[in-house]
Amino acid sequence: DAKTTQPTSMDCAEGRAANLPCNHSTISGNEYVYWYRQIHSQGPQYIIHGLKNNETNEMASLIITEDRKSSTLILPHATLRDTAVYYCIVRVANSGNTPLVFGKGTRLSVIA
Amino acid sequence: DTAVSQTPKYLVTQMGNDKSIKCEQNLGHDTMYWYKQDSKKFLKIMFSYNNKELIINETVPNRFSPKSPDKAHLNLHINSLELGDSAVYFCASSQVQNNEQFFGPGTRLTVL
């Protein structure tokens, strides 16, 4: 079972920042927070991951609270192509041969 | 260049038939997976192979038989197809030391 809780859906205006929250209150010390997204009719796509420090890459930023019980994925300037289901997953790092456990995710709709 | 490819993209067949889905990755990864996404959009792991060895089988009926002829391929054969097998099947791959899983485009299986 997924160890994360996310809102079912969110809307965001095009060009604005999309902030997607995730609760993971039972996260273990050696587990990282991963984010994937699934655009309609495509396979899931990796976005970003982090342990306790904030992380940023070309796609998004990840803000993890100090107690690590929750995090927020930030898409700084959402576009229509960012409309997708976003999954927050907790997982031991560098465990590349273990499968991902997906929850229900958040359906983000970016509106023009 | 396609990193993880699957064939066919669509598969429509009758109950009771036997069918196969093929997956190939050109990333040099040592672990491959099959995930199933049902009509309610839940993504669940079915199988995981590392260096051609089965390492995870998530209580999938034995009508499903994965076969890994080499590290770059993981095919899924399904015997005696049932209506409940209708879903989108995703292949994925990863490297043990890495954190990112790469997914294929999916195969939509419809059993009539």
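In what follows, chains are A, B, ... by sequence order, proteins preceding strands, each numbered from 1. Every value quoted in this text rests on a predicted model; they were computed, and no experiment measured them.
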Between CD on residue B/Glu100 and CD1 on residue A/Ile48, distance to nearest 0.5 Å
11.5 Å
List, by chain and then residue number, the residues other than B/Leu74 in its hydrophobic cluster (Ile/Leu/Val/Met/Phe/Trp/Tyr, side-chain heavy atoms under 4.5 Å); write none if there are no others.
B/Leu11, B/Met15, B/Ile21, B/Met32, B/Trp34, B/Met46, B/Phe47, B/Tyr49, B/Leu54, B/Val60, B/Phe64, B/Leu76, B/Ile78, B/Leu81, B/Leu83, B/Tyr89, B/Leu109, B/Val111
Is there a side-chain contact (heavy atoms from CB on, under 4.5 Å) between A/Val101 and B/Lys44 once you walk through the steps?
CA-CA 7 Å; A/Val101 179; B/Lys44 289 192 66 175; over 6 Å; no
Interface check, chain A: of B/Gln6, B/Arg108, B/Gln37, most non-hydrogen pairs under 4.5 Å belong to B/Gln37
Side-chain heavy-atom pair B/Tyr35, A/Pro99 within 4.5 angstrom cut-off
yes
Any non-hydrogen side-chain atom of B/Phe90 less than 4.5 Å from a side-chain atom of A/Gln42?
no
A/Leu62-A/Ile27 co-clustered via ILVMFWY side chain contacts under 4.5 Å
yes
Find out if a path of hydrophobic residues (ILVMFWY) with successive side-chain heavy-atom gaps under 4.5 Å connects A/Leu20 to A/Tyr87.
no
Between CZ of B/Phe42 and NZ of A/Lys104, what distance do you get to the nearest 0.5 Å?
4.5 Å
Side chain, backbone, both or neither: which part of B/Ile55 has an atom under 4.5 Å from a heavy atom of chain A?
side chain
When hydrophobic residues are tied together by side-chain contacts of less than 4.5 Å, even through go-betweens, does A/Met59 share a cluster with A/Ile89?
no
Looking only at A/Gly103, A/Gly43, A/Gly105, A/Ser41, most heavy-atom pairs under 4.5 Å shared with chain B are made by A/Gly43
Cluster link A/Trp35 to A/Leu108, ILVMFWY, side chain under 4.5 Å
yes
Sub-4.5 Å side-chain heavy-atom contact between A/Tyr36 and B/Leu43:
no
Tracing side-chain contacts under 4.5 Å among Ile, Leu, Val, Met, Phe, Trp and Tyr outward from B/Leu27 reaches B/Val4, B/Phe102
side-chain contact (heavy atoms from CB on, under 4.5 Å), that's the test. Do A/Tyr46 and B/Gln101 meet it? Break it down for me.
CA-CA 7 Å; A/Tyr46 166 84; B/Gln101 287 192 15; over 6 Å; no
